[in-house]
K.L.:
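One structure, as structure tokens, below. Some questions next.
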Amino acid sequence: MKKKLVATISIIICIFLSGCGILSISVDKDGKEENQTPGRNIVIGFSQLGAESDWRSANTESMKTTFTKAEGYEFIFEDGQQKQANQITAIRKFIQQEVDYIVLAPVTETGWDTVLQEAKNAGIPVIIVDRMIDVDDDSLFTCWVGSNFELEGKKATKWLERYVEINEIKHKDIHIVNIQGTIGASAQIGRTKALRDAADANGWDLIAEVPGDFTQAKAREQMSSLLEQYDNINVVYCENDNEAFGAIEAIEAAGKVVGNNITEGEIMIISFDGVNENAIEFVKNGKIACIAECNPLHGPRVQAIIELLEIGGSPDKLSYVEELFFSADRTVTQLSIDERNYGVVIP
Ligand code: AHR
């Protein structure tokens with residue numbers, strides 16, 4: 001009797017709480033309860049630019065594992081497949097679906113004004129993540145979180161400058177090629193600018209700049225062709241790790257040696273990201289001289305922004321992520337050993 005009374009009271013409390021929107025329990029197909037944050041369903045439309053690199057996969061994973069049903073989110077994912085037109089279509093779809101927030105990882109910087117004006121007119125906050133956008137009116141997006149790509153490039157070029165000086169190499173004997181990322185993407189613009197500035201300042205011979213689209217396949221193709229055209233390349237600046245993998249394959253296929261002893265005919269590789277364990281392995285064994293980290297774990301950062309907006313707060317307009325630098329060469333840098341929350345330690 002007593003048991004029956006307790007059960008009845010519990011049911012009444014449950015009905016009352018769920019009626020107030022305080023309690024919400026969802027049940028999966030096997031009848032098991034799925035945890036769900038009480039009383040909310042925040043709908044987020046995420047337009048991801050594509051799946052070109054290991055970095056991008058880690059970024060997508062970070063978003064998907066952050067915005068779960070259990071945390072009270074409905075996450076709509078659209079893959080732009082490297083095309084801005086697809087991303088614009090996705091944003092229009094999100095507007096029609098009346099999502100609560102649009103999160104955009106833009107493929108390139110320009111060309112967003114019209115569609116973001118449409119989102120603004122619909123009253124949907126837009127959060128930009130990873131790469132930046134270049135719009136006339138900054139009120140078209142709520143805020144941005146991502147990397148300082150030019151700073152990453154400056155770290156890498158500073159490393160090369162110090163390596164050259166410590167090893168008493170003449171700056172004019174640096175014959176460098178740049179395998180760029182997707183042309184017009186912030187990551188490409190910032191990293192390319194840093195290299196051009198450093199080449200100018202130090203008198204390095206910047207032989208060529210070619211697009212590699214942040215992919216291994218394109219970089220391999222470009223590197224093979226560069227090796228056929230130029231026989232004096234001794235440094236390859238790859239604007240991400242996947243490009244570095246492609247460049248290494250091409251160099252080795254051409255019978256040349258990848259390594260830091262550029263005075264002895266080796267070809268040095270400089271890279272960005274540091275997401276993939278293979279890249280870190282290459283740093284340890286000297287195939288990649290250094291990597292300026294680009295951190296892909298934006299899910300929790302975007303979540304913090306959304307939660308702040310939910311309670312009426314104002315996030316910073318621009319938030320730069322702190323990033324590390326990896327090199328196994330202790331003569332050049334003290335920053336060799338570090339542990340990242342997604343990754344690997346260089347012992
Ligand atoms: O925008 C970040 C860059 O995009 C990463 O460096 C690269 O790997 C990715 O594709």
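When a ligand or atom number is given, it counts from 1 through the structure's own listing order. Along the sequence shown, the residues carry numbers beginning at 1.
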K.L.:
Which of the numbered atoms in ligand 1 are under 4.0 angstrom from any heavy atom belonging to R191?
P.N.:
6 (O)
K.L.:
Under 3.5 Å, side chain of D113 to main-chain N/O of D136, donor-acceptor pair present?
P.N.:
yes
K.L.:
Distance under 4.0 Å to a non-hydrogen atom of S53: what atoms of ligand 1 satisfy this?
P.N.:
7 (C), 8 (O), 9 (C), 10 (O)
K.L.:
Going by the atom numbers of ligand 1, which of them fall below 4.0 Å from some non-hydrogen atom of W55?
P.N.:
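So the atoms of ligand 1 that pass are 5 (C), 8 (O).
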K.L.:
Measuring centre to centre across the rings, with the benzene-like ring taken for any Trp, is F326 within less than 6.0 Å of W159?
P.N.:
no
K.L.:
Below the 3.5 angstrom mark, is there an N/O of N240, backbone or side chain, next to an N/O of ligand 1?
P.N.:
yes
K.L.:
Only distances under 3.5 Å count here; give the side-chain donor-acceptor pairs of residues 308-315 to other protein atoms, sequence neighbours excluded, each with its distance to 0.1 Å.
P.N.:
unit_1, atom_1, unit_2, atom_2, d
E310, OE2, Y101, OH, 2.6

K.L.:
For the residue pair F272 and F214, is the inter-centroid distance of their aromatic rings smaller than 6.0 Å?
P.N.:
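So the answer is no for these two rings.
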K.L.:
State whether K287 and E252 are salt-bridged, where the test is any N-O pair (Lys NZ or Arg NE/NH1/NH2 against Asp/Glu carboxylate O) under 4.0 Å.
P.N.:
yes
K.L.:
In the protein, which heavy atom is nearest to atom 10 (O) of ligand 1, and how far is it?
P.N.:
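Closest protein heavy atom to atom 10 (O) of ligand 1: E52 OE2, 2.3 Å.
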K.L.:
For ligand 1, which atoms sit closer than 4.0 Å to a heavy atom of R56?
P.N.:
1 (O), 2 (C), 4 (O), 9 (C), 10 (O)
K.L.:
Could I get the full list of ring pair (Phe, Tyr, Trp, His ring centres under 6.0 Å) partners for W112, not counting sequence neighbours?
P.N.:
none
K.L.:
Considering only heavy atoms, does E293 approach ligand 1 within less than 4.0 Å through its side chain, its backbone, both, or neither?
P.N.:
neither
K.L.:
Against heavy atoms of R131, which atoms of ligand 1 measure under 4.0 Å?
P.N.:
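Near R131, the atoms of ligand 1 are 1 (O), 3 (C), 4 (O), 9 (C), 10 (O).
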K.L.:
Measuring from atom 8 (O) of ligand 1, which candidate in N59, D213, D273, V275 has the nearest non-hydrogen atom?
P.N.:
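Comparing heavy atoms across N59, D213, D273, V275, the nearest one to atom 8 (O) of ligand 1 lies in D273.
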